[in-house]
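Okay, so here's the structure we're looking at.
These figures come from a predicted structure and were not determined experimentally. The residues of the chain are indexed from 1 along the displayed sequence.
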Amino acid sequence: MTKAQLRKVYIQKRNQLSQAEYNDLNKALLAQFQQLDLSGVGCIHLFLPIHQRKEPDTFLIRNWLQETHPHILRIFPKANFANNTMLNYADDADLELATNAFGIPEPVTGNLIDVNQIDLMLVPLLAFDIKGYRVGYGKGFYDRFMSQCRPDTKFTGLSFFDAVECIDDINEFDRKIHNCITPKSIVSIS
């Protein structure tokens, strides 16, 4: 299937989740995330979830990291829709979050963090394939942003659903994830 077809299918799958199913899937994602080896990770980039779209609730991961790994710097993105770029803000005492016009929670003030500090990035997606390619909402924010990261930055997707066999219309701008956390497992991509 193409990205557009997969986008439609997986948006519908998310929309069909009951609140109880959504909550259970988020708890299962957190349990899988807790299995990751975070040794050597000093900075994690977390996207902030749009709950109305039933995106994975990264606030659960944020809270767990805060409690169990307070030495790891957590950062959040702020999208610039005029030029499709992102800035990163530290999750610290100076951070202030608000919901933008698109329904996305994002920093409105805080301390900027350079992209080169990111060791691990949690990447949003609607679907992913067994080769590590992903389908997002189609604006290319994360593919552009991932290309700015250090070559050794690890990209980890979060998905409520298993991998598809193949995304038919991959192009040279698409960036691969290294693994993907699902409610059942951490899928390694080779």
Polar side-chain atom of Glu96 near backbone of Val108 as donor-acceptor pair, under 3.5 Å: no
Where Val115 and Cys149 come nearest, the two heavy atoms and their spacing: CG2-SG, 3.7 Å
Side-chain heavy-atom pair Phe145, Ile118 within 4.5 angstrom cut-off: yes
Closest contact, heavy atoms only, His51 versus Phe59: CE1-CD1, 4.0 Å
Any Ile75 side-chain heavy atom under 4.5 Å of Tyr89 side chain: no
Reported CD-to-CG distance for the pair Gln35 and Leu30, which is rounded to 0.5 angstrom: 10.0 Å
Centroid-centroid under 6.0 Å between Phe81 and Phe141 rings: yes
CG-CZ distance between Leu17 and Phe161, expressed to the nearest 0.5 angstrom: 5.0 Å
Rounded distance (nearest 0.5 Å) linking atom CG of Asp169 with atom CD of Gln5: 8.0 Å
For the student: nearest non-hydrogen atoms of Ala163 and Ile130, plus distance: CB-CG2, 3.9 Å
For Lys54 against Asn15, the heavy-atom pair lying closest together: NZ-O, 3.5 Å
Pairwise side-chain contact, Leu36 with Phe33, heavy-atom cut-off 4.5 Å (strictly under): yes
Candidate pair Leu95 and Phe76, rule side-chain contact (heavy atoms from CB on, under 4.5 Å), full reasoning: CA-CA 9 Å; Leu95 180 71; Phe76 300 128; 3.6 Å; yes
Value rounded to 0.5 Å, distance of CG in Asn88 from SG in Cys43: 7.5 Å
Derivation of the side-chain contact (heavy atoms from CB on, under 4.5 Å) call for Leu38 and Leu65: CA-CA 10 Å; Leu38 298 177; Leu65 285 168; 3.8 Å; yes
Tyr142 and His45 aromatic ring geometry - parallel, tilted or perpendicular at 30°/60° bounds: perpendicular
4.5 Å side-chain heavy-atom contact, Pro56 and Arg14: yes
Side-chain donor/acceptor of Arg134 to backbone N/O of Ala127, under 3.5 Å: no
Atom pair CD (Glu106) and CE (Met86), whose distance is rounded to the nearest 0.5 Å: 11.0 Å
Stacked cation flag Arg53 on Tyr137, 6.0 angstrom / 45 deg: yes
Sub-4.5 Å side-chain heavy-atom contact between Ile104 and Leu48: no
Single hit among Lys154, Arg150, Arg74 for salt bridge (charged side-chain N to carboxylate O under 4.0 Å, His left out) with Asp119: Arg150
Under 3.5 Å donor-acceptor, Lys78 side chain and Pro107 backbone: yes
Under 3.5 Å donor-acceptor, Ser18 side chain and Glu21 backbone: yes
Smallest separation among heavy atoms of Leu125 and Cys180, with atom names: CD2-SG, 4.1 Å
Any residue meeting side-chain contact (heavy atoms from CB on, under 4.5 Å) with Ala90, in chain and number order, not counting sequence neighbours: Leu73, Asp92, Asn111, Ile113
Same apolar cluster: Leu46 and Phe102, side chain cutoff 4.5 Å: yes
Check: Leu87 and Asn80 side chains under 4.5 Å, non-hydrogen atoms: no
Minimum heavy-atom distance between Ile186 and Gln32, given as atom pair plus value: CD1-O, 3.4 Å
Val164, Thr182, Leu6 screened by side-chain contact (heavy atoms from CB on, under 4.5 Å) with Phe128, the one that passes: Thr182
Audit row: Asp129, Lys131, salt bridge (Lys or Arg N to Asp or Glu O under 4.0 Å) steps and yes/no: CA-CA 5 Å; Asp129 72 10; Lys131 295 177 188 167; 5.7 Å; no
Test item: Leu25 and Leu29 side chains (from C-beta on) under 4.5 Å apart, heavy atoms: no
Donor-acceptor contact present, side-chain Asp57 to main-chain Asn26, <3.5 Å: no
Heavy-atom side-chain proximity of Tyr22 to Phe160 below 4.5 angstrom: yes
NZ on Lys3 to CD1 on Ile170, rounded to 0.5 Å: 5.0 Å
Between Asn179 and Ser188, a side-chain donor and acceptor under 3.5 Å: no
Distance-only side-chain donor-acceptor flag, Asn23 / Gln19, under 3.5 Å: yes
Ring geometry between His69 and Trp64 (parallel below 30°, tilted from 30 to 60°, perpendicular above 60°): tilted
